[in-house]
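What follows is one structure encoded as structure tokens, with my remarks underneath.
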Amino acid sequence: MRAAIQPLSLYCSNSSKLMASSSNSLMWFRKGIRIHDNPALEYAAKGANFLYPVFVIDPHYMEPDPSAFSPGSSRAGLNRIRFLLESLVDLDLNLKKLGSRLLVLHGEPGEVLIRCLEENLASAAGIEVFSPVSHTLFNPADIIQKNGGSPPLSYQSFLKLAGEPSWACAPLSTTVSSLPPVGDTGRSDISDVPTIKDLGYEDMAKDDWTPFRGGETEALKRLEESMSNKDWVAKFEKPKGDPSAFLKPATTVLSPYLKFGCLSSRYFYQRIQEIYNNVEGHTSPPVSLVGQLLWREFFYTAAFGTPNFDRMKDNKICKQIPWNDDNELLAAWRDARTGFPWIDAIMVQLRKWGWMHHLARHCVACFLTRGDLFVHWEKGRDVFERLLIDSDWAINNANWLWLSCSSFFYQYNRVYSPITFGKKYDPNGDFIRHFLPVLKDMPKQYIYEPWTAPLSIQKKAKCIIGEDYPKPVVSHDIAIKECRKKMGEAYELNKRLKGLISEEDLENLKKRNTEEDQRQNAQTKRKRQTLNDWIQPQ
DNA sequence: CTTCTAGTTGATGGC
DNA sequence: GGCCATCAACTAGAA
């Protein structure tokens with residue numbers, strides 16, 4: 001028997017219990033909700049008489065949580081849960097076309113899988129586990145090793161270390177043409193893919209659904225649409241994109257499909273390379289389309305190699321900054337009532353679409369943290385993590401570290417203006433009018449600063465500031481000065497602290513760290529030793 | 001060890 | 001509208 005667990009495993013992948021004459025395979029889908037370029041699926045199907053394709057729904061992540069600030073579970077907003085279910089329905093359909101189907105199990109994955117193995121495949125004496133790296137282009141552990149044990153902290157040094165992926169010119173796993181049948185499913189509590197209602201949710205009004213549908217089929221369709229415009233692909237420059245474009249977004253919007261693995265990042269990479277090879281010239285990392293995939297790799301590597309990556313405390317690449325704990329300001333930001341239409345419109349787009357342009361994310365993240373409100377980046381991270389349909393633990397945390405000038409990026413004087421930044425792209429304020437209809441009749445000269453409109457204009461636009469739409473929670477001019485001052489002081493303190501440590505306590509600290517490391521090694525390092533064990537679930 | 005360079009994506013004002 | 005210097009000044013990594 002074989003259990004090809006893709007792309008994540010509870011077990012180590014270097015199993016010695018290989019059974020050459022195996023005939024039953026269990027394919028555990030976690031990420032990688034796709035058929036194409038799926039080495040684990042291909043491996044599981046090869047030579048198997050029966051194949052059990054399984055997805056486990058963990059109630060811990062999927063149960064409705066009424067206490068959360070938006071509909072959804074404790075971990076994910078309803079838009080992302082729906083996106084996942086759509087992806088599973090599509091996977092089931094695609095499996096059926098190949099003579100198989102998806103078996104959905106419910107419960108804590110470890111327990112459920114062991115029960116499933118016992119009930120259905122118990123006759124086998126040994127289990128071979130195969131859990132290949134296929135969610136990312138590189139294995140972060142390799143990059144870290146090349147760099148002497150620590151992850152590179154700049155994109156350029158990452159590029160140098162990474163080089164070309166080993167499979168760049170080789171054919172990827174081909175799409176399988178047929179799959180072994182599903183065997184006897186015994187007495188397991190196997191179900192079809194549940195609906196939102198099956199999971200206990202009252203679904204949102206369809207107007208509030210994200211416009212992006214989940215699934216591999218949709219992912220490949222979207223990829224083809226982007227790739228069909230070769231000129232656009234070749235000339236792609238991320239920073240030149242328009243964050244206010246919403247009828248036709250300025251990027252591919254393939255991130256949610258990469259997040260769930262509905263689209264293979266390697267297949268995406270090869271498709272872009274193919275175009276590069278057939279055009280005159282093309283852009284390069286960091287701004288190019290391939291450069292975007294490499295950002296993902298860079299952040300996965302940093303996250304994989306940095307203990308406590310998702311917090312300020314005990315995170316050695318994170319600046320220690322005395323962020324405030326103002327729940328009022330946080331709630332105003334989260335609920336799109338800061339009084340800055342550009343910021344609030346983006347936050348509405350986040351809630352409704354689960355997706356915003358990269359630069360739009362920059363604007364609201366900067367505003368919440370070092371730019372205006374000085375609220376802790378972890379709080380903003382939590383809101384993004386819940387609401388984004390593409391939220392990815394490594395990438396989300398990395399970008400919050402970046403935008404708050406806590407790591408990777410340190411030029412805290414460069415602050416996005418919540419008033420003028422959006423205006424450059426969208427002087428008429430169409431983006432604001434769309435996501436904040438209360439402001440749809442505000443004249444364009446006031447749309448980014450409606451509090452400056454004379455009362456007569458506000459009345460005419462049927463939008464009284466302070467009643468129909470909030471007054472700004474802070475004065476940007478004052479807030480930016482205070483924030484810069486606090487950032488300067490915090491940086492100064494971090495520097496002094498570093499100096500102090502190196503003079504007096506370095507030896508003690510080193511000793512303590514070594515001891516701690518050894519303790520941690522014994523306890524947790526075994527669990528984290530493969531990338532697959534580390535990637536966070538849905 | 002110190003010094004130097006370059007860094008995905010700021011805002012402003014002058015030309 | 002695009003380009004440039006200026007603002008004040010950061011860090012990682014290379015030299």
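By convention in this document, chain letters (A, B, ...) are assigned in the order of the sequence lines, proteins followed by strands, and residues within each chain are numbered from 1.
As a whole-Å value, the separation of A/Leu161 CG from C/dA12 P is 16 Å. Across the protein-nucleic acid pair, A/Asn399 atom CG and B/dT9 atom P stand 13 Å apart, rounded to whole Å. B/dG10 atom C1' lies 14 Å from atom CH2 of A/Trp342, rounded to whole Å. Rounded to whole Å, atom C1' of B/dT12 lies 12 Å from atom CD1 of A/Ile480. Rounded to an integer number of Å, the gap from CG of A/Asn494 to P of C/dC10 is 12 Å. In this entry the distance linking CG of A/Asn413 with C1' of C/dA5 reads 16 Å, nearest Å. When the P atom of B/dG10 is taken as reference, atom NE2 of A/His362 falls 9 Å away, rounded to whole Å. The nearest whole Å value for the distance from the CG atom in A/Asn147 to the P atom in C/dA12 is 13 Å.
When distances run from any side-chain atom of A/Lys424 to the nucleotides B/dA11, B/dG7, C/dA9, the shortest one goes to B/dA11. For A/Trp402, the side-chain atoms get nearest to B/dT9 when compared with the rest of B/dA11, C/dT11, B/dT9. Comparing B/dT9, B/dA11, C/dT11 by their closest approach to the side chain of A/Thr420 singles out B/dA11. Nearest nucleotide to the A/Leu153 side chain, out of C/dG13, B/dA11, B/dT8: C/dG13. Taking every side-chain heavy atom of A/Tyr416 into account, B/dG10 is the closest of B/dG10, B/dG7, C/dA14. With C/dA9, C/dA12, B/dT8 as the choices, the nucleotide that has an atom nearest any side-chain atom of A/Trp295 turns out to be B/dT8.
In this model, the phosphate group of C/dA9 is not approached by any side-chain N or O of A/Tyr410 to a distance below 4.0 Å at OP1 or OP2. OP1 or OP2 of C/dG13 sits under 4.0 Å from a side-chain N or O of A/Ser157. Distances shown here put a side-chain N or O of A/Lys495 below 4.0 Å from the OP1 or OP2 atom of C/dC10. Put simply, A/Gln411 has no side-chain N or O that comes within less than 4.0 Å of OP1 or OP2 on C/dC7. Within the 4.0 Å cut-off from OP1 or OP2 of B/dT9, at least one side-chain nitrogen or oxygen of A/Arg414 is found.
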Compile the donor-acceptor pairs under 3.5 Å between side chains in residues 436-446 of chain A and protein atoms, sequence neighbours left out, one pair per line.
none

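Residue A/Phe421 is in sugar-phosphate contact alone, with no base atom involved, counting any heavy-atom pair closer than 4.0 Å across all strands shown. Residue-level contact check: A/Pro285 touches neither bases nor backbone, having no heavy atom under 4.0 Å from any strand. Among the atoms of the strands shown, none is found under 4.0 Å from any heavy atom of A/Glu237. Counting any heavy atom pair closer than 4.0 Å across all strands shown, A/Val415 reaches sugar-phosphate atoms only and no base atom. A/Lys319 comes within 4.0 angstrom of sugar-phosphate atoms only, judged by non-hydrogen atoms across all strands, and of no base.
Electrostatic pairing of A/Arg361 and A/Asp390 counts as a salt bridge here, judged by a charged N lying under 4.0 Å from a carboxylate O. A salt bridge is defined here as a Lys NZ or Arg NE, NH1 or NH2 lying under 4.0 Å from an Asp or Glu carboxylate O, and A/Lys352 with A/Asp207 fails to meet this definition. Using a cutoff of 4.0 Å between basic side-chain nitrogens and carboxylate oxygens, A/Asp208 and A/Arg351 are not scored as salt-bridged. A salt bridge between A/Lys485 and A/Glu489 is present, with a side-chain N of the basic residue lying under 4.0 Å from a carboxylate O of the acidic one.
Taking atom P on both nucleotides, C/dC10 is separated from B/dT12 by 22 Å, rounded to a whole Å. Taking the P atom of each, C/dA9 and B/dT2 are spaced 23 Å apart, rounded to whole Å. Annotation: C/dG13 and B/dC1 have their C1' atoms spaced 15 Å apart (nearest Å). Rounded to whole Å, the P atom of B/dA6 lies 23 Å from the corresponding atom of C/dA8.
One finds the NE2 atom of A/His135 at 10.0 Å from the CZ atom of A/Phe260 (value rounded to the nearest 0.5 Å). Put simply, CG on A/Asn413 and CZ on A/Arg370 are 9.0 Å apart, with the number rounded to the nearest 0.5 Å.
Remark: B/dT9 base-pairs with no nucleotide in the shown strands. Criterion, Watson-Crick or G-U wobble with two distances under 3.5 Å. Base pairing of C/dA9 is not made with any nucleotide, judged by Watson-Crick or G-U wobble geometry with both donor-acceptor distances under 3.5 Å.
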